[in-house]
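To start, the structure under review is shown below, and the notes come after it.
No experiment lies behind these values; they were computed from the predicted model shown. Basis for what follows: all heavy atoms, side chains included, without hydrogens, waters or symmetry-related copies.
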Amino acid sequence: MEAPLYPDLPPDPSAPRGGQPAFWVGPRHLAGDDGRLYDVVVDALAGLGWTSLTIVRGRHEPDEEPEDRQVLRSTVLHISPDALRWAQWGLADEPFHLGGLPIAWQISARAEASSPLAQWSAYFTRDVPGEAVVDFLVALDASNQPASALAGTELVLDAVAAHGWFRDIDQPEAAAVDPTFTSHISLGEVPPLIQDGDLRALSAEDDERGPAGWQAWAEPVLGAPLLWVASFAASVPYDLVAAFAASLSSTAPVLRRVLPEATQERLLRAPAI
């Protein structure tokens, strides 16, 4: 059973970040994003040479001072050097939700730069561990064919099984769960509004199932709000999903100052000295 290594020294998520001690914590899939999902991903993209653009939409009243302007939507877009892949961070007035949680990062790819549409998109809410999103992006950046499927479902399931996750008893070929039964990854029905270039996904009727995509989520308490959600369109290459899954399920500890309230008691932690 997982328990704090130092129960008398729990991090306080409400305390100022600068005054909080740092901890090495695990398991990663319950460690949250440390409140730094934007910064961690942006730093990684800058290291990969991606270009960033900021789009702001707001309302400006006559004689209004610039600092009083109301920004209704701010989107930061990062584009790879070959323009075949991009990542979008959005803070929207009407956010897109997954599992009741607002989307933080949307990552997309296309086969040709001349195409105006993405071949697929993947979505990550806040509290998805930043390390897993970064590893997904690093694999995407390194791919010579970012819009082509290159591997089967076993690659994804083997990635988590290597770190001690169990295959689902009812769906051993399509789903797995961590040893505490709080985090899941499953190949199945894709949530509404997930962007996919597969024509079967676009033409599926209401009473028909479209092509399946990978979904991952953490539910620390059964029936309570989810901690995080990640959704992959059906056309996301499975080798990229496997890179995310391997990082998410990794047993290597991660550095955190802010821990999710819902999982603090489930985390092993030791002060980072």
Taking Arg85 for its side chain and Ala147 for its backbone only, find out whether a donor-acceptor pair lies under 3.5 Å.
no
Here the salt bridge (charged side-chain N to carboxylate O under 4.0 Å, His left out) pairs for residues 127-137, sequence neighbours left out, are Glu131-Arg256
By ring pair (Phe, Tyr, Trp, His ring centres under 6.0 Å), Trp50 pairs with (sequence neighbours left out) none
Exercise for review: Check whether any side-chain heavy atom of Trp120 lies under 4.5 Å from a side-chain heavy atom of Pro237, and answer yes or no.
Suggested key: yes
Tested for ring pair (Phe, Tyr, Trp, His ring centres under 6.0 Å) against Phe232, the lone hit among Trp217, Phe136, Tyr238 is Phe136
Quiz item: His29 and Trp165: aromatic ring centres closer than 6.0 Å?
Solution: yes
Rounded to the nearest 0.5 Å, the CG atom of Leu98 sits from the CG atom of Leu101 at a distance of 8.0 Å
*Are Gln215 and Ser186 close enough that a side-chain donor and a side-chain acceptor fall under 3.5 Å?*
no
Validation row, ring centre Trp105 to ring centre Phe124 under 6.0 Å: no
CG of Leu137 to CD1 of Ile107, rounded to nearest 0.5 Å, is 3.5 Å
Output for pair (Asp178 CG, Leu30 CG), nearest 0.5 Å, gives 6.0 Å
Exercise. Can Arg28 and Ser247 be counted as having a side-chain donor-acceptor contact under 3.5 angstrom?
Worked result: yes
Rounding to 0.5 Å, atoms CG (Leu37) and CZ (Arg126) come to a distance of 8.0 Å
Sub-4.5 Å side-chain heavy-atom contact between Phe181 and Pro179 | no
- Item | Pairing of Arg167 and Glu154 as salt bridge, 4.0 angstrom limit | yes
*Is there a side-chain contact between His78 and Val42 (heavy atoms, below 4.5 Å)?*
yes
Report task. Could you walk me through whether Ile103 and His97 pass side-chain contact (heavy atoms from CB on, under 4.5 Å), step by step? Result -> CA-CA 6 Å; Ile103 294 297; His97 287 74; over 6 Å; no
Do Leu268 and Val25 touch side chain to side chain, with heavy atoms closer than 4.5 Å? no
